[in-house]
Undergrad: 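Submitted below is the structure of interest, expressed as C-alpha cells.
We're numbering straight along the sequence, starting at 1.
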Amino acid sequence: MGTFSIYHDLFILASIKEVFDGVSVPDHLVNWWPKKCTGTPELEQEYNFYFPPEYDWYGKVTTCKPNKSFHITMTKSDKDWNNTSFGFDLEEIKDGVQLKFWHKGWPKCNDEFRQSSFCWAMLLSGLKNYIEKGIIIPFQERE
C-alpha cells in the first residue's frame, strides 16, 4: 500500500537566510503556523508545535542544511500526522527564494489529508506575507 504526499511551491521575495529562519526558528514559526513552538534548528533536535492543548505535537529534525533544507518527521501527533515528514527546500534565484514544500508519508487520502493540504497552502501564503511584508495573522485566524 502506498502513501500520499502534499507539494506546494512558492516564490518569496527575500534573502535565503530570512526564508530559512522563517521555516526553522521557533520565534518566526509562531508568526505564521503554531501558537507556541520550541526547538533548535539542528539535526536530531526535537521541536514542539503547540496549537490548542489537544494538538501538542512533537517532531524531530531529520535534515538541517542552513539556507538550503529543513525537514521534520512527526513523532507525537495524531494518527494521520504521526510518522509523516514535511520539509522546506530552498533555492536562491533572481531577487528571492524558490521554496519547495512537501509533506509526505500520509497513510490515507482522507479528509485530514485533504484538509491539511489546503491548510498548508494557506499557511504558506501567511509565511510569504510574514517574510515579505511583516504581516502576522493572529493565531485564531490561521487555517
Side-chain angles (χ1 to χ4, degrees), residues 1-52 55-110 112-143:
M1 180 170 161
T3 60
F4 299 88
S5 303
I6 296 166
Y7 297 97
H8 296 293
D9 292 353
L10 63 147
F11 174 79
I12 299 177
L13 185 58
S15 74
I16 200 155
K17 181 180 182 338
E18 289 172 307
V19 177
F20 184 80
D21 288 352
V23 300
S24 65
V25 175
D27 285 348
H28 292 292
L29 285 163
V30 298
N31 290 322
W32 66 272
W33 186 30
K35 185 174 188 174
K36 298 178 193 171
C37 184
T38 60
T40 304
E42 294 175 6
L43 195 59
E44 302 295 318
Q45 292 298 304
E46 182 177 73
Y47 270 64
N48 174 220
F49 304 103
Y50 180 87
F51 303 92
Y55 298 97
D56 187 12
W57 292 357
Y58 291 83
K60 183 172 76 168
V61 178
T62 54
T63 301
C64 185
K65 297 177 183 169
N67 302 330
K68 181 103 177 127
S69 299
F70 186 70
H71 305 166
I72 297 264
T73 295
M74 296 304 291
T75 57
K76 179 187 169 202
S77 54
D78 72 15
K79 65 181 172 60
D80 290 303
W81 278 64
N82 252 358
N83 299 313
T84 64
S85 298
F86 64 88
F88 306 88
D89 295 313
L90 312 176
E91 180 184 350
E92 202 164 18
I93 58 176
K94 185 177 176 7
D95 298 326
V97 175
Q98 182 69 37
L99 183 147
K100 294 181 180 282
F101 170 83
W102 50 265
H103 191 162
K104 301 176 183 176
W106 289 83
K108 298 177 188 165
C109 184
N110 60 9
E112 180 66 22
F113 169 80
R114 289 188 295 276
Q115 181 65 29
S116 292
S117 180
F118 173 79
C119 287
W120 274 123
M122 298 299 290
L123 290 164
L124 291 169
S125 176
L127 166 69
K128 178 179 172 67
N129 285 325
Y130 167 64
I131 292 173
E132 290 181 352
K133 302 172 186 169
I135 296 169
I136 300 170
I137 298 170
F139 177 76
Q140 48 285 23
E141 295 176 23
R142 297 176 198 162
E143 290 297 322

Undergrad: ring-ring contact (aromatic ring centres under 6.0 Å, His included) with Y55: which residues, sequence neighbours excluded?
TA: W57

Undergrad: Quiz question: by atom type and distance under 3.5 Å, do the side chains of W120 and H8 form a donor-acceptor pair?
TA: no

Undergrad: So which heavy atom on G126 is nearest to which on I137, and how close?
TA: CA-CD1, 4.5 Å

Undergrad: Just wondering, do D9 and Q98 contact through their side chains at under 4.5 Å, heavy atoms?
TA: yes

Undergrad: Heavy atoms, side chains only, cut-off 4.5 Å: are D95 and L13 in contact?
TA: yes

Undergrad: Any chance the rings of W32 and Y130 have centres within less than 6.0 Å?
TA: no

Undergrad: So how far is it from I72 CD1 to H103 NE2, rounded to the nearest 0.5 Å?
TA: 10.5 Å

Undergrad: Looking at every heavy atom in both P26 and G39, which two are closest together, and how far apart are they?
TA: CG-O, 3.2 Å

Undergrad: Once you round to the nearest 0.5 Å, how far does NZ of K128 lie from CD1 of I135?
TA: 11.0 Å

Undergrad: Compare every heavy atom of S5 with every heavy atom of G105, then report the nearest pair and how far apart it is.
TA: N-OG, 4.4 Å

Undergrad: Taking all non-hydrogen atoms of both residues into account, name the closest pair between D27 and N31 and its distance.
TA: O-ND2, 3.1 Å

Undergrad: Could you measure the distance from the CG atom of N82 to the OG1 atom of T84? Nearest 0.5 Å is fine.
TA: 7.5 Å

Undergrad: Check for a donor-acceptor pair, side chain of S24 on one end and backbone N or O of F20 on the other, with a separation under 3.5 Å.
TA: yes

Undergrad: Heavy atoms only: give me the nearest H71-G87 pair and the separation to one decimal.
TA: CD2-CA, 3.5 Å

Undergrad: Is the positively charged end of K36 above the ring of Y50, judged by distance under 6.0 angstrom from the centroid and angle within 45° of the axis?
TA: yes

Undergrad: Out of curiosity, F70 CZ to E42 CD, how far, rounded to the nearest 0.5 Å?
TA: 10.0 Å

Undergrad: Where is the tightest heavy-atom contact between G22 and L29, given as atom of each residue plus distance?
TA: O-CD2, 3.8 Å

Undergrad: How would you list, by chain and number, every residue that makes a side-chain hydrogen bond (donor to acceptor under 3.5 Å, both in side chains) with W33, sequence neighbours excluded?
TA: none

Undergrad: Angle class for the F49/Y47 ring planes (parallel below 30°, perpendicular above 60°, tilted otherwise)?
TA: parallel

Undergrad: Are any of the side-chain heavy atoms of I12 and L127 separated by less than 4.5 Å?
TA: yes

Undergrad: Can you find a heavy atom in the side chain of I131 that is under 4.5 Å from one in the side chain of V97?
TA: no

Undergrad: Enter the distance from L99:CG to E91:CD here, rounded to the nearest 0.5 Å.
TA: 11.0 Å

Undergrad: In Å, rounded to the nearest 0.5 Å, how long is the span from NZ of K108 to CZ of R114?
TA: 12.0 Å

Undergrad: Distance-only, no hydrogens or angles: does the E18 side chain make a donor-acceptor pair with backbone N or O of S15 under 3.5 Å?
TA: yes

Undergrad: Taking P34's backbone N and O only, do any of them form a donor-acceptor pair with R142's side chain (distance below 3.5 Å, no angle check)?
TA: yes

Undergrad: Taking ring-ring contact (aromatic ring centres under 6.0 Å, His included) as the criterion, tell me which of F86, F4, F113, Y7 meets it with W106.
TA: F113

